[in-house]
Visitor: 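Got a structure for you, written out below as structure tokens; questions coming shortly.
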Amino acid sequence: MASTLVDGGMPHSRLNQKLAKRTATWKPGILPFLLPFFLLVAFGLWTYRPSSSTLSWALTVVWSLPVVGVMVGIQGALLIRRRVRKNDRMTPPVPAEQDFLIILCPTIGRHDTYPALERSVLSYVEHLPEWFPYMRVDILTEEGCEAAEDIDRLADSHPLIRVITVPKDYVPANGTRFKARANHYAHELRIEEGEALDYVWVLHMDDDTGVGPDTASSLAQFINRQRRAHPDEAKHMAQGILTYPRENAANLFTWLADAVRPADDIARFRALTGMGTPAAGVHGELLVLRASIEATIGWDFGPKEIVEDARLALTFCRRYPGRSDWFNGRCYGASPASSQDFIKQRERWAWGLVALCFNRAVPLRYRWFLSICVATWILGPLQHIAAVLLLGWLINDMNTSPVTQSVVILWALNFAYVVWTYWEGLRLNALASVSGRRKWWELIVVVALIPVFSVLEGLGGFKGFLRFVRREENKFVVIAKPV
């Protein structure tokens, strides 16, 4: 079959080969963490001045709080490095001929989200059939959506694509709304059609997130591994890496700001989900779940749930401890088109996650870690260095040292980890791009802008927290999807 050309003139087959080679040899870097860590330790010890003021006590607590998540994240990165060393001893991926894969892609079906949906769905039918001879793509839409005709034409263009339309009058038993309502409808339909089986896997994707050749082979390797495993040890859920190719970015600034997301996937998510207990939650794309297990959980979490993926993960922790995994495959999404959309996206996540942290229906032992991470997030604006210096100036106390010198090491650990997440996340996004490389100036800019990015992240988190405190009506905000 003749190769088609992608932007820049490179044939798809050559691009796919280069992408697969790059991702196969990648492993998280150590130097981008160690170098800032030792520099920050040296600077912190050199500038330390004893203090027992109220400001020093507050900073000692607030700036030390992230250390729990940081230690988990470091563990995740080290686990990936260990797995990469063992790759030559792992069974090579082969087509998953005895399993059936359903790719579920919910969409709000607006005209501004359709181009990204089309790009994503076409990537599924291009890359996945080679590794999954038995598969189907289900586009999940709402009755009467704007782009219904375009979506129907897309489904007619390929025999593996079908459209599932959620009726307007459909209401789950617990009154769940938004995306979870649509997911629950598809879940009930699979049960009705007899597809809630152990050898049927559901790959949950977002409508702006595509796949590549590495996604398909890594996913097939994971599923084949579960077929060979003992029934008491086989995994039921797995999560991969969400990356943002440069070509999908409509805004360079938000693309750089989103470098933190793939880094989180190879850190906290790799550690917890990969060790069997997804206590940090999961995200709704590149999430594969055994259909028989999803049938026992469903998505009917109630009308206030707007972070259905995280709620599903914590429910999974309770019912199937030790049965989740992580795989080294990527999906390819797009960053928000503007800073305003970036903040809106984070605001919705924080709003839902704060509510989940206070949800007593989930046992505390499964939400304590998430609660610490969310608390660190929403406190971001208050612990920003600019805010701290301003407060110090107002109270005439510019000494920002902790109450004891040993805390300097914890602070250096936390700040070095932040630098590493943006450095390594940018590397992952660049590897997913056509060129496969970071531009020299991008490394400088992404590190220099960390204080600015942290303001955006913290502002979105704090606004979400305020919405929860005010008990505002839940809203599921869907931002425009860049092509």
Side-chain angles (χ1 to χ4, degrees), residues 99-129 132 134-197 199-211 219 237 283-301 303 305-306 308-309 312 331 476 478 481:
D99 295 274
F100 185 66
L101 181 68
I102 299 173
I103 301 92
L104 185 68
C105 185
T107 180
I108 197 171
R110 294 195 316 239
H111 291 307
D112 64 339
T113 64
Y114 175 77
L117 170 70
E118 181 179 24
R119 166 179 55 80
S120 301
V121 169
L122 292 179
S123 76
Y124 309 151
V125 296
E126 176 186 358
H127 296 293
L128 293 172
F132 295 93
Y134 306 104
M135 61 165 280
R136 185 181 70 239
V137 179
D138 285 347
I139 304 176
L140 189 57
T141 67
E142 290 289 333
E143 181 182 358
C145 66
E146 288 180 8
E149 292 184 3
D150 292 331
I151 293 171
D152 287 339
R153 280 195 295 270
L154 177 61
D156 291 339
S157 70
H158 201 286
L160 291 179
I161 305 172
R162 79 167 180 177
V163 176
I164 298 176
T165 303
V166 183
K168 287 183 178 179
D169 60 356
Y170 171 70
V171 180
N174 294 328
T176 295
R177 301 182 295 167
F178 313 124
K179 181 180 175 182
R181 167 180 167 270
N183 280 351
H184 196 73
Y185 181 83
H187 139 85
E188 291 183 334
L189 183 62
R190 283 193 300 274
I191 295 175
E192 182 181 330
E193 295 177 343
E195 294 180 337
L197 304 169
Y199 64 86
V200 177
W201 295 84
V202 183
L203 178 62
H204 292 272
M205 300 294 294
D206 275 354
D207 60 358
D208 63 337
T209 309
V211 299
L219 184 59
M237 171 196 285
H283 46 68
E285 55 268 287
L286 204 55
L287 172 67
V288 64
L289 191 60
R290 204 185 291 269
S292 58
I293 299 301
E294 185 171 339
T296 69
I297 300 175
W299 298 85
D300 192 12
F301 301 124
E305 193 61 71
I306 57 175
E308 69 291 330
D309 42 13
L312 175 81
C331 62
F476 194 96
V478 179
K481 310 291 185 178

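Excluded from the calculations below are hydrogen atoms, water molecules and symmetry mates; all remaining heavy atoms, backbone and side chain alike, are included.
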Visitor: Sort out for me which residue in Glu305, His187, Glu294, His184 forms a side chain to side chain donor-acceptor pair (under 3.5 Å) with Trp299.
Guide: Glu294
Visitor: Do Asp208 side-chain atoms and Ala116 backbone N/O form a donor-acceptor pair below 3.5 Å?
Guide: no
Visitor: So does Glu193 have more than 12 non-hydrogen atoms from other groups sitting under 6.0 Å from CD?
Guide: yes
Visitor: Which of these passes side chain to side chain contact (heavy atoms under 4.5 Å, CB included) with Thr141: Ile164, Val166, Val163?
Guide: Val163
Visitor: Please give me the minimum heavy-atom distance between Leu154 and Ser157, naming the atom from each residue.
Guide: O-OG, 2.5 Å
Visitor: Rounded to the nearest 0.5 Å, what's the gap from NE2 on His283 to CG on Asp206? Could you check?
Guide: 9.5 Å
Visitor: Considering non-hydrogen atoms only, spot the tightest contact between Gly210 and Ser120 and give its length.
Guide: N-OG, 3.7 Å
Visitor: Do the non-hydrogen side-chain atoms of Met135 and Leu160 ever get within less than 4.5 Å of each other?
Guide: yes
Visitor: Check Arg153 with Glu118, please: is the shortest side-chain N to carboxylate O separation under 4.0 Å?
Guide: no
Visitor: What are the two closest heavy atoms between Val211 and His127, and how far apart are they?
Guide: O-CD2, 3.2 Å
Visitor: Do Leu289 and Leu312 have side-chain heavy atoms sitting under 4.5 Å apart?
Guide: yes
Visitor: Do the side chains of Glu308 and Thr176 get nearer than 4.5 Å, heavy atoms only?
Guide: no
Visitor: Please step through side chain to side chain contact (heavy atoms under 4.5 Å, CB included) for the pair Trp201 and Leu219, ending with a clear verdict.
Guide: CA-CA 11 Å; Trp201 295 84; Leu219 184 59; over 6 Å; no
Visitor: Checking the side chain of Arg177 only, and the main-chain atoms of Pro303 only, is there a donor and an acceptor separated by less than 3.5 Å?
Guide: yes
Visitor: Quick check: closest heavy atoms across Leu197 and Arg290, and the distance to 0.1 Å?
Guide: O-CG, 4.3 Å
Visitor: Other residues, nucleotides and ligands only: do more than 12 of their heavy atoms fall within 6.0 Å of OH on Tyr199?
Guide: no
Visitor: I'd like to know if the side chain of Asp300 reaches the main chain of Asn174, judged simply by a donor and an acceptor atom lying under 3.5 Å from each other, with no hydrogens or angles considered.
Guide: yes
Visitor: Quick one: are Leu286 and Leu203 in side-chain contact, heavy atoms under 4.5 Å?
Guide: yes
Visitor: For Ala147, give me all partners under side-chain contact (heavy atoms from CB on, under 4.5 Å), at least two apart in sequence or on another chain.
Guide: His111, Tyr114, Asp150, Ile151
Visitor: Measuring from atom CG of Leu122 to atom CG of Leu117, what distance do you get when rounded to the nearest 0.5 angstrom?
Guide: 9.0 Å
Visitor: Please list, chain by chain and in numerical order, all residues satisfying ring pair (Phe, Tyr, Trp, His ring centres under 6.0 Å) with Tyr170, sequence neighbours excluded.
Guide: Tyr185
Visitor: Any side-chain heavy atom of Met205 sitting closer than 4.5 Å to one from Cys331?
Guide: yes
Visitor: Look at the side chain of Thr165 and the backbone N and O of Glu143, then say whether any donor-acceptor pair between them is shorter than 3.5 Å.
Guide: no
Visitor: Can you tell me how far apart NE2 (His204) and CD1 (Ile103) are? Round to the nearest 0.5 Å.
Guide: 11.5 Å
Visitor: Show the nearest heavy-atom pair for residues Tyr124 and Thr209, with the distance to one decimal.
Guide: OH-O, 2.7 Å
Visitor: Between Glu142 and Arg181, is any pair of side-chain heavy atoms under 4.5 Å apart?
Guide: yes
Visitor: With the side chain counted from C-beta on, respond yes when Asn183 and Lys179 share a heavy-atom pair under 4.5 Å apart, and no when they do not.
Guide: yes
Visitor: Is Asp207 salt-bridged to Arg110, cutoff N-O under 4.0 Å?
Guide: no
Visitor: As an exercise, state the distance from CG of Asp138 to CD of Glu195, rounded to the nearest 0.5 Å.
Guide: 7.5 Å
Visitor: Is the shortest side-chain heavy-atom distance between Arg190 and Leu104 below 4.5 Å?
Guide: yes
